[in-house]
*Asks:* 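Sharing a structure below in structure tokens format, with a few things to ask.
Side chains are part of it too, since the values below use all heavy atoms of this structure and drop only hydrogens, waters and symmetry mates. Owing to the predicted nature of the structure, the values given are computational and were not obtained by experimental measurement. Throughout, protein chains are lettered first and strands after them, A, B, ... in sequence-line order, and every chain is numbered starting at 1.
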Number of protein chains: 2
Amino acid sequence: MTDTAPGTASRTPTRRYGTRPTMKDVAARAGVGLKTVSRVVNGEPGVTPDTERRVQEAITALGFRRNDSARILRKGRTASIGLVLEDLADPFYGPLSRAVEEVARAHGALLINGSSAEDPEREQELVLALCARRVDGLVIIPAGHDHRYLAPEMAAGVATVFVDRPAGRVEADAVLADSFGGSQDAVAHLIAHGHRRIGFLGDLPGIHTAAERLRGYHAAMSEAGLPVHDAWVSLGPTDPERVRTAATAMLDAAEPVTALFAGNNRVTVTVVRVLAERPAPAVPVALIGFDDFELADLLSPGISVIAQDSAQLGRTAADLLFRRLDGAGGDPRRLVLPTRLIPRGSGELPPPAAS
Amino acid sequence: MTDTAPGTASRTPTRRYGTRPTMKDVAARAGVGLKTVSRVVNGEPGVTPDTERRVQEAITALGFRRNDSARILRKGRTASIGLVLEDLADPFYGPLSRAVEEVARAHGALLINGSSAEDPEREQELVLALCARRVDGLVIIPAGHDHRYLAPEMAAGVATVFVDRPAGRVEADAVLADSFGGSQDAVAHLIAHGHRRIGFLGDLPGIHTAAERLRGYHAAMSEAGLPVHDAWVSLGPTDPERVRTAATAMLDAAEPVTALFAGNNRVTVTVVRVLAERPAPAVPVALIGFDDFELADLLSPGISVIAQDSAQLGRTAADLLFRRLDGAGGDPRRLVLPTRLIPRGSGELPPPAAS
DNA sequence: CCCGGCGCTGACAACGTTGTCCAGGGGCTA
DNA sequence: TAGCCCCTGGACAACGTTGTCAGCGCCGGG
């Protein structure tokens, strides 16, 4: 790490915080009343062009910028919404956050977001901090299962929309992807290609989507009249280590699974690695993952996935939020967005002949 | 999209905004003075346990939550920082944003972020909106080249750190990756493997990192005494269409390039696709990309890259920002973080024998 | 017994803005 | 020329919080 200090020695005169010019200062300098400055700043009518010019000059001369804190206090609306999600660094949430931001921007609002790191306490802490800031609304991808702490806030008028997972113990709007249906499709797809021993590698069963995907897996299996062996299902944290162990166990069992269904993108990627590292079997293992990911099509074989559009999820939630803010009433709604099966090869591999 | 309304008809009584209880209400209900409530809320000493209990009861009974807008106005500090970047949905920026958030959190601050969409006007608009909110500091990945509009804000005490690209026409802290050195390494690596005709596919030359990478390319070529043909360099928007055309032209030329250096991760991915779609040449084209990306190692061959740690970039910038906020003075600093060459196969492919 | 001091509490102003309301002046009409 | 209205500008309160300061009991020491 190198450190270069530019040659110029011009130091900006560091006025301290709070020493910023206020409308009062601008008014004094322009020789007008306080309210006139306010009018100019907000583009309100009723100011002579000449007066306006004087005020504008004073503003630029002093480097005045309206203090939105005061404005917010006075007006009661912050024109900002909060987004609480698990981890911004996750490629699933980046587009979601961006989509929410775009909708907010269209409504003239800023977005404040926070990562809960899948920790319910941290989620609550963040949400309440946002409420204290008086955000107009909240979009929450919940980490916890009990959101009763939100009841006073919602009663006080903070619009709230849950995304990806429903709220716990409180009635609220929610926008979800069809985890159950998508999983059912995925597993049915594998079954249609001849598989009978299918493994499921999922997230912690406490997470709503993980539970739904498990349910979809079971539904598809039982619909096809197939039994599910305990050893074919592994739920838990999705760190590579655990997934690696679980997948290896399924593949090395006496009666190994011939296909794998990965419960989310992190799991899928780990499984791809595991399969790539194993000595190539006579017949490759089929794989289908929940969540699409970049480059899935460039691997060989391409990885078949159940795609959900996270940006669409965010957009839908934000739209609903602003409709609520615009006064839309009615009971809490639950919107479920469809998923889409994208076959790319890995999910269409047939099982060994003597399956 | 299905829409299910839950059966319960319990409507929460929607108090309107501004109808939230204030400390005054709490004080009245608890039969104490306003300031005593403030003391309890802020955990200040000097309150009898009995009084405190009464106040706490009133708080929960009324569902009171401190209004931070008022607090901010009074105290002058917002305990929030702004992050302006190009696109939160880009996998390069997600980890960066998350890293900044973590540092902010450690300092008790919230993070407000906005996407400039690589549009200078939108960048300015966002930055000034954040300044109006009186964020304590700003982390900016600049889209524009003229940041003089920030001068009054910086003079007023808004700490500002630029990331990934330096500020334009204003003295400010900056944290950069070593684009020049990294590119030099990349091209030298290709040369070391025998290549002499190397193509460079870069971003718009107006973008600082793109210009630096081009400079590194030229430096490595000239250091090796190799000429650079105009047709080997293509700069412009990094949309797949343009990159595809440019790459194809270089590969189909009379004297085709035998290796490609891709100027960023988007370009690299597009090039990988292009190469995958072409009829396999007798000798595969070597490729090295700037920026690492997930799954680069799982492609065949694995894609060699110049890796820069975007999270580290964010962390470093945020650290510097908070050091400034804690009063660290001195001239603006420019920190340059090193890059790292990760060979994975695609960059080590030799050129055709008769090169 | 009185007084100083301490522990607790509350009244009040201030933060910077916006909404309300009123005043003054100029132009237009009768 | 008088009267009226509109147009412009300003004084003032309020938003909800925190910092300052003063008051009120009560206790212990002189």
*Asks:* Using the rule given for salt bridge (Lys or Arg N to Asp or Glu O under 4.0 Å), can you reason through B:Glu153 versus B:Arg134, listing the C-alpha separation, both sets of side-chain angles and the distance that settles it, and then say yes or no?
*Replies:* CA-CA 10 Å; B:Glu153 315 300 329; B:Arg134 294 294 188 271; 5.4 Å; no
*Asks:* Write down the distance between NZ (A:Lys24) and P (C:dT17), rounded to a whole number of angstrom.
*Replies:*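 From A:Lys24 NZ to C:dT17 P: 11 Å.
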*Asks:* What integer distance in Å separates A:Arg71:CZ from C:dG19:C1'?
*Replies:* 12 Å
*Asks:* So A:Gln312 and A:Thr316, side-chain hydrogen bond (donor to acceptor under 3.5 Å, both in side chains) or not? Walk me through it.
*Replies:* CA-CA 6 Å; A:Gln312 184 60 36; A:Thr316 308; 3.2 Å; yes
*Asks:* Using whole Å, report how far CG of A:Asp25 lies from P of C:dG16.
*Replies:* 8 Å
*Asks:* D:dG16 P sits how many Å from A:Ile72 CD1, rounded?
*Replies:*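 After rounding, the reported distance stands at 14 Å.
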*Asks:* Using heavy atoms and a sub-4.0 Å distance, could you list which residues of residues 53-60 of chain B are near DNA chain D? By number, please.
*Replies:*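 The answer is none.
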*Asks:* Taking the side chain as every heavy atom from C-beta outward, state whether B:Ile140 and B:Leu150 have any pair of such atoms under 4.5 Å apart.
*Replies:* yes
*Asks:* Between the protein and nucleotides 5-9 of chain D, which nitrogen or oxygen pairs come in under 3.5 angstrom?
*Replies:*
unit_1	atom_1	unit_2	atom_2	d
D:dT8	O3'	A:Thr48	OG1	2.9
D:dG9	OP1	A:Thr48	OG1	3.3
D:dG9	OP1	A:Thr51	OG1	2.2
D:dG9	OP2	A:Thr48	N	3.2
D:dG9	N7	A:Arg39	NH2	3.1

*Asks:* Which whole-number value in Å describes the distance from B:Asp50 CG to C:dG7 P?
*Replies:*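 From B:Asp50 CG to C:dG7 P: 19 Å.
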*Asks:* Rounded to whole angstrom units, what separation is found between the CG atom of B:Leu34 and the C1' atom of C:dT9?
*Replies:* 12 Å
*Asks:* For the pair made of CD in B:Glu44 and C1' in D:dG19, what is the distance, rounded to whole Å?
*Replies:* 9 Å
*Asks:* Choosing from D:dG19, D:dT17, D:dC15, which nucleotide comes nearest the side chain of B:Asn67?
*Replies:* D:dT17
*Asks:* Does A:Arg53 form a side-chain hydrogen bond (donor to acceptor under 3.5 Å, both in side chains) with A:Gln56? I'd like the steps, not just the answer.
*Replies:* CA-CA 5 Å; A:Arg53 193 184 41 73; A:Gln56 284 293 7; over 6 Å; no
*Asks:* Before giving the answer on side-chain hydrogen bond (donor to acceptor under 3.5 Å, both in side chains), spell out for A:Ser116 and A:Glu86 the whole-Å C-alpha distance, their side-chain angles and the decisive distance to 0.1 Å.
*Replies:* CA-CA 5 Å; A:Ser116 68; A:Glu86 187 200 335; over 6 Å; no
*Asks:* In whole Å, I'd like the distance from the CG atom of A:Leu73 to the C1' atom of C:dT17.
*Replies:*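 One finds 8 Å between C1' of C:dT17 and CG of A:Leu73, rounded.
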*Asks:* Check the pair B:Ser115, B:Asp87 against side-chain hydrogen bond (donor to acceptor under 3.5 Å, both in side chains), reporting the backbone distance first and the verdict last.
*Replies:* CA-CA 5 Å; B:Ser115 301; B:Asp87 180 5; 4.6 Å; no
*Asks:* Please enumerate all residues that pass side chain to side chain contact (heavy atoms under 4.5 Å, CB included) together with B:Ala174, with sequence neighbours excluded.
*Replies:*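 Residues passing side chain to side chain contact (heavy atoms under 4.5 Å, CB included) with B:Ala174: B:Phe162, B:Leu176.
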*Asks:* Within less than 4.0 Å of OP1 or OP2 of D:dT20, is there a side-chain N or O belonging to B:Lys35?
*Replies:* no
*Asks:* Sort out for me which residue in B:Val47, B:Val26, B:Val37 forms a side chain to side chain contact (heavy atoms under 4.5 Å, CB included) with B:Val32.
*Replies:* B:Val37
*Asks:* Looking at the side chain of A:Met23, which of D:dT17, C:dC15, C:dT17 is the nearest nucleotide?
*Replies:* C:dT17
*Asks:* So B:Asp68, base contact, sugar-phosphate only, or nothing? Heavy-atom distance under 4.0 Å.
*Replies:* nothing
*Asks:* Measure the spacing between CD of B:Gln124 and CG of B:Asp119 and express it to the nearest 0.5 Å.
*Replies:*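 If we round to the nearest 0.5 Å, B:Gln124:CD and B:Asp119:CG are 10.5 Å apart.
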